Amino acid sequence: MNGIVIEQASAPQKEADALLDAAFGLDRRTKASYRLREGSRPVDGLSFTARTSAGRLVGVISFWPLVIAPEGREALLLGPLAVHPDVQSQGIGAALIERGLQAADAQGHDLIFLVGDAPYYERFGFAPVVPHGRILLPGPFDPARLLFRARQAGALNGVQGLLLPPWRYQAGREKTRA
Ligand SMILES: CC(C)(COP(=O)(O)OP(=O)(O)OC[C@H]1O[C@@H](n2cnc3c(N)ncnc32)[C@H](O)[C@@H]1OP(=O)(O)O)[C@@H](O)C(=O)NCCC(=O)NCCS
């Protein structure tokens, strides 16, 4: 983490894309979490960058709005979190997550989902949704990689639903009413 500066900011698209390609590979857009971000924008104040002292972008994290259909309960999606392969395992990922979670908590968000590796995210309070609730995503996904962090114990117990970006949830409701 020496000389790395974390800032609340969005990275310019081209710079962020180059970092995400390096961290996730070129097939990254086929991932389940992309379907949850499609057509949405990150939540204001919940995007962070990590840069070297020379200004090189080496890490990003952002949080996106979600709704659990059909009830309409609001939640966040954490992702993408990426740290450039040149500088991994120096605590940059942890610093980005901790900064992001602090800001999300301060904004009052009490439920956060992500699609990722439980062995990495458990240290930040995330756990697999199964067996707590029964949550689906649009399209195929590996249930063992759908994780959540709730500020209140038992927050997901018995909850069933489909995670959607808010605009898709609204569009579905309008179609039902028509
Ligand atoms: C996952 C990622 C963000 C971690 O960033 P980082 O800055 O290297 O993380 P930290 O320095 O905070 O933590 C590193 C530790 O996490 C471990 N770790 C990293 N990825 C892991 C994973 N997928 N599963 C389990 N442990 C993992 C490392 O082995 C390391 O352990 P160590 O401290 O015992 O050596 C980064 O490796 C990355 O961008 N990977 C590619 C994209 C990705 O997988 N993003 C996350 C979505 S699942």
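Note that this is a predicted model, so its numbers are computed, not measured. Order of listing sets the numbers, starting from 1, for every ligand and every atom in it.
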Quick test of your reading of the structure: of [options], whose heavy atom lies closest to [atom]?
atom: atom 39 (O) of ligand 1; options: Val83, Ile4, Ile97, Leu19; answer: Val83
atom: atom 38 (C) of ligand 1; options: Gln88, His84, Glu98; answer: Gln88
atom: atom 35 (O) of ligand 1; options: Ala22, Gly116, Ser89; answer: Ser89

What atoms of ligand 1 come within less than 4.0 Å of a heavy atom belonging to [X]?
X: Gly91; answer: 10 (P), 11 (O), 12 (O)
X: Gln90; answer: 11 (O)
X: Asp117; answer: 22 (C), 23 (N), 24 (N), 48 (S)
X: Ala82; answer: 39 (O)
X: Pro119; answer: 25 (C)
X: Ile92; answer: 7 (O), 11 (O)
X: Tyr121; answer: 46 (C), 47 (C), 48 (S)

Exercise for the section: Spell out, yes or no, whether Leu162 and Ile112 are grouped together once hydrophobic residues are joined by side-chain heavy atoms under 4.5 Å, including indirect joins. Expected result: no
Can you check [atom]: any protein non-hydrogen atom closer than 4.0 Å?
atom: atom 32 (P) of ligand 1; value: no
atom: atom 10 (P) of ligand 1; value: yes
atom: atom 25 (C) of ligand 1; value: yes
atom: atom 16 (O) of ligand 1; value: yes

Problem - Any donor-acceptor pair under 3.5 Å from Tyr169 side chain to Pro70 backbone - result: yes
[X], any N or O under 3.5 Å of ligand 1 N or O:
X: Val87; result: no
X: Leu81; result: yes
X: Gly93; result: yes
X: Ala94; result: yes
X: Arg145; result: no

Problem - Closest approach of any protein heavy atom to atom 44 (O) of ligand 1, naming residue and atom - result: Phe24 CE2, 4.0 Å
Exercise for the section: Around atom 41 (C) of ligand 1, find the nearest protein heavy atom and jot down its residue, atom name and distance. Expected result: Ala23 O, 3.4 Å
Exercise for the section: Between Tyr120 and ligand 1, find which residue part has any heavy-atom pair under 4.0 Å and reply side chain, backbone, both or neither. Expected result: both
Exercise for the section: If the plane angle is over 60° it's perpendicular, under 30° parallel, otherwise tilted; pick one for Tyr121 and Phe126. Expected result: perpendicular
Exercise for the section: Consider only side-chain N and O atoms of Tyr34 and Arg28, and report whether a donor and an acceptor are under 3.5 Å apart. Expected result: yes
Handout entry: Tyr120 side chain reached by Ile97 side chain, heavy atoms, under 4.5 Å
Key = yes
Handout entry: Residue Gln152 excluded, over 12 heavy atoms near CD under 6.0 Å
Key = no
Handout entry: Flag if over 12 foreign heavy atoms under 6.0 Å of CZ, Arg151
Key = yes
Exercise for the section: Look at ligand 1 and say whether Arg123 reaches it with a heavy atom at a distance under 4.0 Å. Expected result: yes
Problem - Criterion side chain to side chain contact (heavy atoms under 4.5 Å, CB included) against Leu78, the qualifying member of Phe124, Phe63, Trp64, Phe148 - result: Phe63
